[in-house]
Structures are given as structure tokens and as C-alpha cells.
Amino acid sequence: MVCKLLFQWEAGIRSGVRRNSTPICASTTAEWVEEKVFEMVKAKELGADLVEARLDFLKDFHPAQHHQSLINNRPLPILITYRHIYKYF
């Protein structure tokens, strides 16, 4: 997430004014749902337009419980993804 947010800062969003109309998506990589919600709030504060909630980073994930928590507590539109490990090798 830090890399994407640094890019936002360098793109001129730090002043609250965009130089172009490209939407910014911040990716969350927290290991716990509560941390993921915190990262989503922080991404909004830093100017993100939407957030990617990467479920593959979660240590203890219970879909019935956690999907609803992520959706109900999101401050931005959310893209929920699960990337298989085979994509990295």
C-alpha cells in the first residue's frame, strides 16, 4: 500500500487537486480484518478513489463473518480479490 500511496503523493494528489482523472486504487495487505479496515480508511484520507481488499494476505479468514465486516466498514468502493500463490512463481 505504501508504494501506491507514495505514487499518489508524487502525482500531485497531496494538495487535494488531481492533475488527471485517472482513478487511484489502493491495495490493502493487512493480515487481520481490523487492520484491513484501518488501511482502507487511511487510503481514503490519502486520496484513493477505491480500495482493493486482498484476502490472500489474511491470516485467519472466515468468509461468512469477514466479508460482511469488510463491506459494512468500507469508506470507499471496494474490490475484493484473492490472488493464488501460483501467480508469483
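None of these values were measured; they are calculated from a predicted model. Computed over heavy atoms, backbone and side chain alike; hydrogens, waters and symmetry mates excluded.
The shortest non-hydrogen separation linking Ile80 to Ile71 is CD1-CG1, 4.3 Å. A pairwise comparison of heavy atoms in Glu52 and Ser27 identifies OE1-OG, 2.9 Å as the closest pair.
Thr28 places no side-chain N or O within donor-acceptor distance of the main-chain N or O of Glu39, the cut-off being under 3.5 Å. Asn73 places no side-chain N or O within 3.5 Å of a backbone atom of Val37 that could act as its donor or acceptor partner. Here the side chain of Lys36 pairs a donor or acceptor atom with the backbone of Arg54 at under 3.5 angstrom.
To the nearest 0.5 Å, atom CZ of residue Arg74 and atom CE of residue Met40 are 9.0 Å apart. The distance from atom CG of Leu79 to atom SG of Cys25, rounded to the nearest 0.5 Å, is 6.0 Å. Rounding to the nearest 0.5 Å gives a distance of 6.5 Å between CG of Leu55 and CG of Leu70.
Hydrophobic cluster membership differs between Val33 and Val41, with clusters built from Ile, Leu, Val, Met, Phe, Trp and Tyr side chains linked at under 4.5 angstrom. Grouping the Ile, Leu, Val, Met, Phe, Trp and Tyr side chains by contacts below 4.5 angstrom, directly or via other members, places Ile78 with Leu58.
With sequence neighbours excluded, no residue satisfies salt bridge (charged side-chain N to carboxylate O under 4.0 Å, His left out) with Glu34. Contacts of Phe61 classified as ring pair (Phe, Tyr, Trp, His ring centres under 6.0 Å), with partners at least two apart in sequence or in another chain: His66, His67.
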